[in-house]
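A short worksheet on the structure shown next.
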Amino acid sequence: MLNFHNVCSIPSSFQLTGIPGLESLHIWLSIPFGSMYLVAVVGNVTILAVVRVERSLHQPMYFFLCMLAVIDLVLSTSTMPKLLGIFWFGASDIGLDACLGQMFLIHCFATVESGIFLAMAFDRYVAICDPLHHTTVLTHTVVGRLGLAALLRGVLYIGPLPLMIRLRLPLYKTRVISHSYCEHMAVVTLTCGDSRVNNVYGLSIGFLVLILDSMAIAASYVMIFRTVMGLATPEARLKTLGTCGSHICAILIFYVPIAVSSLIHRFGHHVPPPIHTLLANFYLLIPPILNPIVYAVRTKQIRERLLQILKTETKIR
């Protein structure tokens, strides 16, 4: 590490603190975090396996669900193994490039997930407002292109963040990051240079993703509700809205924690650091845990397939 004026330095690695202020409880915290990570991995792998083998689920909605499952696996796996390493072995060091790579994965795939929710809202809009053209509009090719577009948008939006840090802000006040992973603002606050460009760019991306995507999703559901309210009977309305229930739950599971975490991180200066870090970890863990549960409970085909698998295993035993 090179030092300048005994204040700033060019680090080759950083040190993650885990949950700052709760270091003495790390070994105990590893139990709920490890359990949640295991549930997230098993749940999302199960969703991928069920959709693959059940041909009746080879529809746009479930292809998007598989994309969500892959994204949730990436988000949880990009942070939890390192966090558990800190809890169990005190393995807090992370290389500079590895830190920036982790930052890219977290923010990129959170952006991709928002794009997939937007694509799913479009799928629900077409299925309800123009059902006769649903299969012709949302073909397998179109679904794949929408997923690829969400991925490319995430790469284009988030790619500049680690590059700007690497090229513009090489000097740091300390190598200790008071966080459990390399979150963008947690790293930028340690730099010695002018970070206004990074801050403005990060806020702009947050606006584009959270605000515009949520507005577009809300607009699609306004049109969906208008169509549903025009149906003849209450039973038909409830049945049609029921097809949107899982998507609405998944949207709330994703956007509410990330919005709360972002607001607290930027404006909650009096919130204790452990709360900051715990919330930041929860917004990466809650969607991967709850999305498979929501879709398994509310989707008849997935639920029946899972029950069939469980019955088969019970008979074998």
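Hydrogens, waters and symmetry mates are skipped; everything else that's a heavy atom, side chains included, is used.
Both Leu146 and Phe63 are assigned to one and the same hydrophobic cluster, defined by single-linkage of ILVMFWY side chains at heavy-atom distances under 4.5 Å. Cluster annotation: Leu68 and Val42 are assigned to distinct hydrophobic clusters (Ile/Leu/Val/Met/Phe/Trp/Tyr, side-chain heavy-atom contacts under 4.5 Å, transitive). In the hydrophobic clustering of this structure, Leu22 groups with Met36; members are Ile, Leu, Val, Met, Phe, Trp, Tyr whose side-chain heavy atoms approach within less than 4.5 Å, directly or through other members. By the rule that hydrophobic residues join a cluster once side-chain heavy atoms approach within less than 4.5 Å of another member, Ile251 and Met223 end up as members of one cluster. A chain of hydrophobic side-chain contacts below 4.5 Å, direct or via other Ile, Leu, Val, Met, Phe, Trp or Tyr residues, connects Met215 to Tyr157.
Counting only heavy atoms from C-beta outward, the side chains of Ile224 and Cys129 approach each other to under 4.5 Å. When side chains are defined from C-beta on, Cys244 counts as touching Ile128, because their heavy atoms get closer than 4.5 Å. Between Ile158 and Leu161, the closest side-chain pair of non-hydrogen atoms falls below 4.5 Å. Under the 4.5 Å side-chain criterion, counting only non-hydrogen atoms from C-beta, Ile302 is not in contact with Glu54. In this structure the side chain of Ile289 never reaches within 4.5 angstrom of the side chain of Ser76, judged on heavy atoms. Here the side chains of Asp97 and Arg166 are in contact, with some heavy-atom distance below 4.5 Å. Looking only at side-chain heavy atoms (C-beta outward), Thr277 and Pro20 come within less than 4.5 Å of each other. Using a 4.5 Å heavy-atom threshold, the side chains of Leu241 and Phe225 count as touching.
Note on ring orientation: taking the six-membered ring where Trp is involved, the planes of Phe33 and Phe282 are parallel (angle under 30°, cut-offs 30° and 60°). Between His26 and Phe87, the two ring planes are tilted [angle within 30° to 60°]. Using cut-offs of 30° and 60° on the angle between ring planes, the pair Phe117 and His247 is tilted.
Here the CD1-CZ distance, from Ile71 to Phe64, works out to 11.0 Å after rounding to the nearest 0.5 Å. Here the CD-CD1 distance, from Glu23 to Ile86, works out to 10.5 Å after rounding to the nearest 0.5 Å. With rounding to the nearest 0.5 Å, the separation of SG in Cys66 from CD1 in Ile116 is 11.0 Å. The distance from atom CG of Leu190 to atom SG of Cys8, rounded to the nearest 0.5 Å, is 11.0 Å. Atom CG of residue Leu57 and atom CZ of residue Arg52 lie 14.0 Å apart, to the nearest 0.5 angstrom. The line from OG of Ser204 to CG of Asn199 is 10.5 Å long, rounded to the nearest 0.5 Å.
In terms of heavy atoms, Gly154 sits closest to Thr111 at CA-CG2, 3.8 Å. Residues Tyr283 and Ile106 share a closest heavy-atom pair of OH-CG2, 4.4 Å. Pro11 and Ser9 get closest at one heavy-atom pair: CD-O, 3.3 Å. The nearest pair of heavy atoms linking Asp213 to Gly115 is OD2-N, 3.9 Å. Pairing each heavy atom of Asp123 with each of His134, the nearest pair is OD1-NE2, 2.7 Å. His133 approaches Thr136 most closely through the heavy-atom pair O-OG1, 2.9 Å.
Between the side chain of Tyr221 and the backbone N or O of Ala121, no donor-acceptor pair lies under 3.5 Å. Side-chain atoms of Lys82 do not come within 3.5 Å of backbone N or O of Leu16 as any donor-acceptor pair. Proximity of a side-chain donor or acceptor of Gln59 to a complementary backbone N or O of Met61 within less than 3.5 Å is not detected. Of the possible donor and acceptor atoms, none in the side chain of His184 sits under 3.5 Å from a partner among the backbone N and O of His107. Not one N or O on the side chain of Thr191 forms a donor-acceptor pair closer than 3.5 Å with the backbone of Val187. For Thr139 (side chain) and Thr135 (main-chain N/O), no donor-acceptor pair under 3.5 Å exists by modelled atom type. In this structure, Ser220 contributes its side chain and Ile217 its backbone to a donor-acceptor pair below 3.5 Å. With Ser195 contributing its side chain and Asn198 its backbone, the two residues share no donor-acceptor pair below 3.5 Å. The main-chain N or O of His179 is found under 3.5 Å from a side-chain atom of Thr17 such that the two form a donor-acceptor pair. Side chain of Gln102 to backbone of Cys182: a donor-acceptor contact under 3.5 angstrom is found.
A donor and an acceptor atom, one from each side chain of Asn291 and Asn44, are nowhere located under 3.5 Å apart. A donor-acceptor pair shorter than 3.5 Å can be found between the side chains of Tyr37 and Thr77. A side-chain donor-acceptor contact under 3.5 Å links Tyr255 and Ser114.
With respect to Asp194 and Arg168, no salt bridge is recorded, no charged nitrogen being found less than 4.0 Å from a carboxylate O.
Under the side chain to side chain contact (heavy atoms under 4.5 Å, CB included) criterion, Leu163 pairs with no residue, sequence neighbours left out.
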Val155 and Phe104: side chain to side chain contact (heavy atoms under 4.5 Å, CB included), yes or no, with the steps? CA-CA 8 Å; Val155 172; Phe104 172 77; 4.2 Å; yes
Could you go through the side chain to side chain contact (heavy atoms under 4.5 Å, CB included) check for Leu83 and Tyr181 one step at a time? CA-CA 7 Å; Leu83 180 59; Tyr181 59 84; over 6 Å; no
Before giving the answer on side chain to side chain contact (heavy atoms under 4.5 Å, CB included), spell out for Ile10 and Tyr172 the whole-Å C-alpha distance, their side-chain angles and the decisive distance to 0.1 Å. CA-CA 6 Å; Ile10 302 177; Tyr172 294 83; over 6 Å; no
Run the numbers on Asp93 and Arg175 for salt bridge (charged side-chain N to carboxylate O under 4.0 Å, His left out), then give the verdict. CA-CA 10 Å; Asp93 280 356; Arg175 61 185 291 270; 3.3 Å; yes
May I have the step-by-step check of side chain to side chain contact (heavy atoms under 4.5 Å, CB included) for Leu284 and Met80, ending in yes or no? CA-CA 9 Å; Leu284 293 178; Met80 284 304 109; 5.7 Å; no
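Counting heavy-atom neighbours within 6.0 Å of Arg145 CZ, excluding the residue itself, gives a total of 12 or less.
Ring-centre distance between Tyr295 and Tyr62: not below the 6.0 Å cut-off.
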